[in-house]
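What follows is a short report on a single structure.
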Amino acid sequence: MAALLNRLHHISLHVSNAEKVAGDLVSKFKFSLFATRLTDTSRQLAFRKGAAVFIVNERQNQCGVSLNEELRLTDAFDPHPVNVGKNDRDNSIKCLYDASPHYPVDSVSNVCFEVEDVERSFSTLRNLGCNFMVPPTTVQDERGAVTYSVVKSIVGNVCHTLIDRTKYKGSFLPGFDVIEKDCLPEEDLSCPITHFDHITYVCPKKSTHQVMSWYEKLFGFQRFFIKSDEDVDEGFVVNHKDVGLRLTAMEYWKCSEAGITLPSVDKKEPDCKFVIAESLPGQGKNQVDTFLEQHGAPGIQHIGLYTKDIVSSAQAMAHAGVGKQQEIEEAGHSPQLLAQNGILLDTDLCQDPLPQTTSSEKKRHLLQLFTKPLFAEDTFFLELIERRGATGFGEGNIRALWRSVQAHMENQTVDSQGEGSKKTMQSGQY
């Protein structure tokens with residue numbers, strides 16, 4: 001029996017310079033800093049936009065658990081809670097609700113899920129052979145208690161915090177100082193991001209099935225077909241002279257009091273899918289290989305942020321790119337407006353057959369664009385995505401977006417070799 005998940009709670013970044021990443025999240029993506037944990041040994045900053053929450057952890061030297069190191073856990077764990085209330089603050093833990101891995105580059109390394117019973121999940125996953133970086137740990141303050149544990153995934157340095165907040169009445173997590181609403185800046189409506197849409201892993205060649213089997217066995221993930229006629233074994237293949245990729249998607253079953261359902265079925269909860277990307281055999285070096293080389297291991301390459309208005313969101317950031325005229329017009333936007341903001345538009349690959357009609361209202365559209373890398377290395381970027389009835393991904397957009405990443409990296413290489421002067425903006429990137 002797998003450990004069933006309730007919902008995605010937050011995503012953690014481990015970086016060397018928290019201020020730079022924080023500046024990007026606030027200035028470019030209009031996230032708000034709403035909670036902090038600042039101690040002599042740690043710096044954790046929480047940012048929110050809609051239901052999307054990032055925790056930025058500033059990487060400390062010589063601390064935490066190394067990537068391949070496991071804690072030697074006994075069958076019994078320390079039942080004593082960590083007190084983090086105002087009058088009894090425990091600052092001995094460097095990184096609450098996470099592990100603190102030794103990792104040489106900035107990385108997005110933790111996807112946190114809410115569960116109903118951390119200790120039961122811990123027991124279930126240990127029996128299935130999981131490695132834990134943090135055993136069940138209870139943290140409490142005057143508003144109640146939260147229990148969490150951290151399990152190491154099969155994907156590089158990615159780990160998953162499993163957290164139970166059912167006994168906590170606070171607005172976030174014990175140990176964090178939450179900024180009062182009256183002190184928060186007014187929400188910037190020009191960038192209406194609501195939640196995490198998808199998370200993309202980059203993995204070595206021929207490892208997709210192993211990754212999917214791990215998530216299916218341990219967390220009950222199920223296959224999500226990017227394309228309706230997608231081959232079960234091959235996945236969705238992007239094979240061009242400049243891009244050779246295999247993409248495979250999955251989603252998790254959501255456990256609740258009403259039963260077990262897929263997020264895509266229960267639209268009351270935001271739907272976040274997981275996409276695995278790997279290079280095709282026999283292809284030249286592409287962005288997947290670049291990620292593996294610069295990141296040093298498989299991991300999270302990009303995260304899709306769902307927005308209710310991608311034009312407004314893009315205009316709040318930067319301008320560049322081209323669009324596709326006919327479909328843009330059918331979606332109700334002018335080609336010039338999307339083009340100047342670098343937005344790509346496509347139809348849903350998985351849409352149900354529709355009657356023959358010329359009505360644009362019955363077509364399902366996707367509008368997407370990628371950002372440039374947020375870290376010094378080409379190892380992490382964000383994507384904006386607006387869905388107009390579409391639940392899957394668009395074939396044309398997939399090809400164009402990944403080509404834009406490839407072109408950006410090639411320009412970076414040329415510039416670093418002194419053969420180029422000014423970096424070129426690519427379609428679908430800003």
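FYI, the numbering just counts along the sequence from 1.
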Taking Asn110 for the side chain and Ile11 for the main chain, is one N or O donor matched with an acceptor at less than 3.5 Å? no
Does Tyr148 use its side chain to pair, donor to acceptor, with the backbone of Asp98 at less than 3.5 Å? no
As a quick check of understanding, evaluate side-chain contact (heavy atoms from CB on, under 4.5 Å) for Phe219 and His160, giving each step before the final call. CA-CA 11 Å; Phe219 293 111; His160 296 295; 4.3 Å; yes
Heavy-atom nearest pair, Leu280 first then Lys205, reads O-CE, 3.4 Å
Can a donor-acceptor pair be found, under 3.5 Å and without considering hydrogens, that links the side chain of Arg43 to the backbone of Thr36? no
With a 4.5 Å cut-off on side-chain heavy atoms, are Ile276 and Met250 touching? yes
Would you check if Tyr103 and Ser109 make a side-chain contact, meaning some heavy-atom pair closer than 4.5 Å? no
Nearest 0.5 angstrom please: Gln140 CD to Thr147 OG1, how far? 9.5 Å
Do you know which two heavy atoms are closest between Ser149 and Pro136, and how far apart they sit? CB-N, 3.8 Å
Could you walk me through whether His302 and Phe291 pass ring pair (Phe, Tyr, Trp, His ring centres under 6.0 Å), step by step? CA-CA 11 Å; His302 79 266; Phe291 176 94; over 10 Å; no
Just so I know, are the side chains of Val178 and Leu173 near enough to count as touching, which here means a heavy-atom distance under 4.5 Å? no
Is it the case that the side chain of Thr307 and the backbone of Leu384 share a donor-acceptor pair, with hydrogens and angles ignored and the cut-off at 3.5 Å? no
Between Tyr201 and Ile300, does the side-chain contact (heavy atoms from CB on, under 4.5 Å) criterion hold? Intermediate values first, please. CA-CA 4 Å; Tyr201 292 154; Ile300 295 174; 3.5 Å; yes
Would you call Asp233-Arg246 a salt bridge at under 4.0 Å N-O? no
Arg223 side chain vs Met212 backbone, donor-acceptor pair below 3.5 Å: no
After noting the C-alpha distance and the side-chain angles of Arg165 and Phe172, does the key distance pass the side-chain contact (heavy atoms from CB on, under 4.5 Å) rule? CA-CA 9 Å; Arg165 297 183 68 257; Phe172 189 49; 5.5 Å; no
Can you check whether Asp378's main-chain N or O pairs, donor with acceptor, with Gln294's side chain at less than 3.5 Å? yes
Interatomic distance, CD@Glu116 vs CD@Glu114, rounded to 0.5 Å, equals 10.0 Å
Grab the two heavy atoms, one from Phe224 and one from Glu251, that are nearest each other, plus how far apart they are. CD1-OE2, 3.8 Å
Nearest 0.5 Å please: distance from the NZ atom of Lys20 over to the CG atom of Leu25. 10.0 Å
Can a donor-acceptor pair be found, under 3.5 Å and without considering hydrogens, that links the side chain of Glu377 to the backbone of Val105? no
Under a 3.5 Å distance rule, please check whether Gln44 uses its side chain to pair with a backbone N or O of Arg37 as donor and acceptor. no
Would you say the side-chain atoms of Gln301 and His295 include a donor-acceptor pair closer than 3.5 Å? no
Any chance you could measure Glu386, atom CD, to Lys308, atom NZ, to the nearest 0.5 Å? 10.5 Å
Phe54 and Phe31 aromatic ring geometry - parallel, tilted or perpendicular at 30°/60° bounds: tilted
Which pair of non-hydrogen atoms, one from Val15 and one from Asp106, has the smallest distance, and what is that distance? CA-OD1, 3.3 Å
With no hydrogens and no angle check, is any side-chain donor or acceptor of Glu278 less than 3.5 Å from a backbone partner on Ser207? yes
Exercise: do Asn157 and His14 side chains pair donor with acceptor under 3.5 Å: no
Using a 4.5 Å cut-off on heavy atoms from C-beta on, say whether the side chain of Val21 contacts that of Asn17. no
Taking atom CG of Asp177 and atom CZ of Phe34, what is their separation to the nearest 0.5 Å? 12.0 Å
Can you give me the closest heavy-atom contact between Met133 and Ala99, atom names plus distance? CE-CB, 3.7 Å
Atom of Val151, atom of Cys130 and distance for their closest heavy-atom approach: CG2-SG, 3.7 Å
Heavy-atom side-chain contact between Phe113 and Tyr252 under 4.5 Å: yes
Mark yes or no for whether Ser153, through its side chain, and Val155, through its backbone, hold a donor-acceptor pair below 3.5 Å. yes
Please, which pairs that meet salt bridge (charged side-chain N to carboxylate O under 4.0 Å, His left out) have at least one residue in residues 44-54, sequence neighbours excluded? Lys49-Glu187
Test log, rule side-chain contact (heavy atoms from CB on, under 4.5 Å), inputs Phe221 and Leu5: CA-CA 10 Å; Phe221 278 47; Leu5 311 172; 3.8 Å; yes
Heavy-atom side-chain proximity of Val108 to Ile199 below 4.5 angstrom: no
Please list, chain by chain and in numerical order, all residues satisfying side chain to side chain contact (heavy atoms under 4.5 Å, CB included) with Val26, sequence neighbours excluded. Phe47
Note, His209 side chain near Thr248 side chain (heavy atom, < 4.5 Å): no
Would you give the length of the straight line joining atom CG of Leu374 to atom CG of Leu382, rounded to the nearest 0.5 angstrom? 5.0 Å
With side chains defined as the heavy atoms from C-beta onward, is the minimum distance between Phe196 and Leu305 less than 4.5 Å? yes
